[in-house]
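Structure first, commentary second.
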Amino acid sequence: MGVAGHNDPLLGETTCGSLLQQLQLIWDEVGESDDDRDKMLLQLEQECLDVYRRKVDQASSSRARLLQQLANSKSELTRLLSSLGELSISGVLVPDKTTGTIKEQLAATSPFLEQLCRKKEKRVKEFADVQLQIQTIRGEIVGTLQAGDHLEMPYVNEDDLSMKKLNEFLFELQALQKEKSDRLHKILDFVNSVHDLCSVLGMDFLATVTEVHPSLNDSVGAHSKSVSDETLSRLSKMVTELKEEKVKRLGKVQALASQLTDLWNLMDATVEERQHFDHVTCNMSSTLDGVTVPGALALDIIEQAELEVERLDQLKASRMKDIAFKRQTELEDIYAQAHIAIDTSAARDRILSVIDSSMFEPSELLADMENQILKAKEEALSRKDILEKVDRWMLACEEESWLEDYSQDDNRYSATRGAHLNLKRAEKARVLVNKIPAIVDMLVAKTQAWEQEHNAAFTYDGVALLAMLDEYRILRQEKEEEKRRMRDQKKINDQLAAEQEKLFGSKPSPARPQSAKKLPGPRVNGGAVNGTPNRRLSVQQQNGLRSASRDGRRESVRPSAPVNYVAIAKDDAASQASST
């Protein structure tokens, strides 16, 4: 059996054919038999087959590895695409390489695989960062994690790295960030409220707010402050407690300010004495939100005010008589303005007896007098409407008296200085006088309603107002009758004058005109005036006498018609009738 060989110029002279020729030459020289030569050639061929077989096996193994590598690459490529949720890379579709050699297929897949691996690493980092932020914010909200603490990198599920999943995490992160921002704003609002309240209450802000959480200190940045549920709850509770404390202290300060003002007014304290506590009295009528001055409700301010009230109370006890008489004077003024008659001497004697008694208690006496003043003010308020109508009635009566005097003045139309002013006043007076009956009727109705409501008589300086009004009506009726009588008398006189003129041909001089009697103003029953018994005394004159007796505290009253004017008019009319 022979082995064919060939000369390869690239391999030189040493080839299988040249070696076989050398082997045959050696066999020829040795004299090997053909059988031995055939055995040796067969052995040589078998060894060559073994070498080729090993090479084929190696090539088969290499191809299998390459195929496995290609399959793994395609599997990894598919898995990455599925994990990333993409069918393309940067807009270029991944080619489906099923033709060509294995190495060509591997070469075509490798760049895309490397690119996907890099993208996966980047996506994993993004997922880890987002999940870390989510866990951090959740921990801060729950309170298991303090601001500034660091967590280990969270586990990332690499089976789903799609943008959809990442967007879900980002959406959750944004919601948590917004919640944290809202909580931070609430925290800062609460902290500001605590600061303002502590400032007004005179408390240490840092010591107070750090009791809730150390991170609420001003030196800590806003983003490093605790935003946990517990911090929010404790801050809210603290603000509520501080507000309640502010309400409590404001009520105490206002009560002290009211006591100070009352005591100052009782003892006529000077402006300088009051100025020392302006920071207390300035809040007497303030609202809760209106008190913003630092230290306005501090405990030392309240303590100072309490000590001052205690000092003034002790001083008040020693000056109780002057204070009580001052209150009694205030009470008398209220009654005087309301035209209510009281026994002032008996009231002052009672005060002296109470002060001199062994059971004297200053606070009880002042409380009783305050109660009397309050009741007097209420009664004066209930009488205000009627008193205004009484004043209007009296003014109308005064104008009526003036108008009658003015009407009897023969020079009223002369061109004297101020005559036009009197004319204008007369016009207004006539309008007002015409309203007197309506005013009186309204007064009667209102007075009767008041008496029915209060189950008591309405008195005016001790005289029943209805009696005054009835008396005025009688006097007005008498006046009207007198006017009618005078008109009738005038007609008779005119007729007599006309008859005398016809008989004697000359007109006699007219008799002195008779003036109608004036209607006096509102009067109360009194003693004899100007020697005339049962004469009526003007209410205003009585008021003037009463006012003068009060050390000149009251203003002068309006003038009224002469007291005995009615009697004078009656006497003149009688003399005229007798002469006729």
Side-chain angles (χ1 to χ4, degrees), residues 196-203 240-338 342 347-348 350-351 354-355 359-382 384 553:
D196 295 341
L197 290 168
C198 288
S199 176
V200 173
L201 297 174
M203 300 171 62
T240 302
E241 291 175 351
L242 290 176
K243 285 183 178 179
E244 292 175 353
E245 181 67 18
K246 184 179 180 181
V247 171
K248 179 181 176 182
R249 293 193 188 182
L250 179 59
K252 185 178 292 186
V253 166
Q254 290 179 338
L256 291 171
S258 178
Q259 293 177 13
L260 285 173
T261 303
D262 292 341
L263 290 170
W264 287 336
N265 293 335
L266 280 174
M267 294 180 284
D268 293 328
T270 63
V271 177
E272 290 75 13
E273 290 178 320
R274 303 185 184 207
Q275 285 178 347
H276 293 299
F277 289 90
D278 282 346
H279 56 286
V280 176
T281 56
C282 67
N283 295 319
M284 187 163 59
S285 59
S286 300
T287 60
L288 186 64
D289 296 332
V291 181
T292 57
V293 178
L297 303 179
L299 290 176
D300 55 344
I301 299 296
I302 297 176
E303 184 178 356
Q304 292 174 6
E306 289 175 342
L307 292 175
E308 181 66 11
V309 169
E310 183 178 355
R311 185 185 72 83
L312 292 176
D313 278 334
Q314 295 175 356
L315 184 61
K316 178 184 70 175
S318 62
R319 297 176 55 186
M320 196 62 220
K321 184 181 294 183
D322 295 338
I323 295 172
F325 281 160
K326 184 178 179 180
R327 281 290 190 230
Q328 179 62 27
T329 302
E330 181 181 352
L331 180 63
E332 293 172 2
D333 289 341
I334 295 173
Y335 280 128
Q337 292 174 5
I342 59 172
R348 293 177 180 267
R350 185 182 66 83
I351 292 174
V354 170
I355 293 176
M359 303 298 292
F360 169 63
E361 179 61 38
S363 59
E364 292 181 0
L365 176 61
L366 287 179
D368 179 62
M369 298 195 71
E370 288 292 342
N371 189 31
Q372 292 182 42
I373 291 174
L374 181 61
K375 291 181 178 179
K377 289 181 178 179
E378 292 177 354
E379 185 174 359
L381 183 62
S382 70
K384 181 179 179 182
R553 288 193 302 273

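Looking at Lys246, its side chain never comes within 3.5 Å of a backbone N or O of Val200 through a donor-acceptor pair. A distance-only check finds a donor-acceptor pair linking the side chain of Ser382 to the backbone of Glu379 [under 3.5 Å].
With sequence neighbours left out, the side chain to side chain donor-acceptor pair (under 3.5 Å) criterion links Lys384 to no other residue. By the side-chain contact (heavy atoms from CB on, under 4.5 Å) test, Lys243 pairs with Leu197, Val239, sequence neighbours left out. Every residue meeting the side-chain contact (heavy atoms from CB on, under 4.5 Å) condition with Leu299, not counting sequence neighbours, appears here in chain and number order: Arg249. Every residue two or more places apart in sequence or in another chain that forms a salt bridge (charged side-chain N to carboxylate O under 4.0 Å, His left out) with Arg350 is listed here: Asp368. The side-chain contact (heavy atoms from CB on, under 4.5 Å) test applied to Ala257 returns Val280, Thr281, Met284, not counting sequence neighbours. For Asn265, the side chain to side chain donor-acceptor pair (under 3.5 Å) partners are Arg274, not counting sequence neighbours. Under the side-chain contact (heavy atoms from CB on, under 4.5 Å) criterion, Thr292 pairs with no residue, sequence neighbours left out.
To the nearest 0.5 Å, atom CG of residue Asp262 and atom CG of residue Leu312 are 11.0 Å apart. Here the CG atom belonging to Leu315 is positioned 12.5 Å from the CD atom belonging to Glu310, to the nearest 0.5 angstrom. If you take CG on Leu250 and CD on Glu245, they are separated by 11.5 Å, rounding to the nearest 0.5 Å. Atom CG of residue Leu260 and atom NE2 of residue His276 lie 12.5 Å apart, to the nearest 0.5 angstrom. Remark: Lys248 NZ to Leu201 CG distance equals 11.5 Å, nearest 0.5 Å. Considering CD of Glu330 and CD of Gln328, their distance stands at 10.5 Å, rounded to 0.5 Å.
Residue pairs meeting the salt bridge (Lys or Arg N to Asp or Glu O under 4.0 Å) criterion with at least one partner in residues 278-306, sequence neighbours excluded, are absent. Residue pairs meeting the salt bridge (Lys or Arg N to Asp or Glu O under 4.0 Å) criterion with at least one partner in residues 369-378, sequence neighbours excluded, are Arg327-Glu370.
Contact detail for Ala298 and Gly202: the closest heavy-atom pair is CB-CA, 4.1 Å.
For the pair Arg348 and Thr329, the minimum side-chain heavy-atom distance is below 4.5 Å. For the pair Met369/Leu331, no side-chain contact is recorded, criterion being any heavy-atom separation below 4.5 Å from C-beta on. Inter-residue side-chain proximity for Ile301 and Val253 is flagged as unmet; no heavy-atom pair is nearer than 4.5 Å.
For the side chain to side chain contact (heavy atoms under 4.5 Å, CB included) with Val247, the qualifying choice from Leu297, Leu242, Leu288 is Leu288, the only one to do so.
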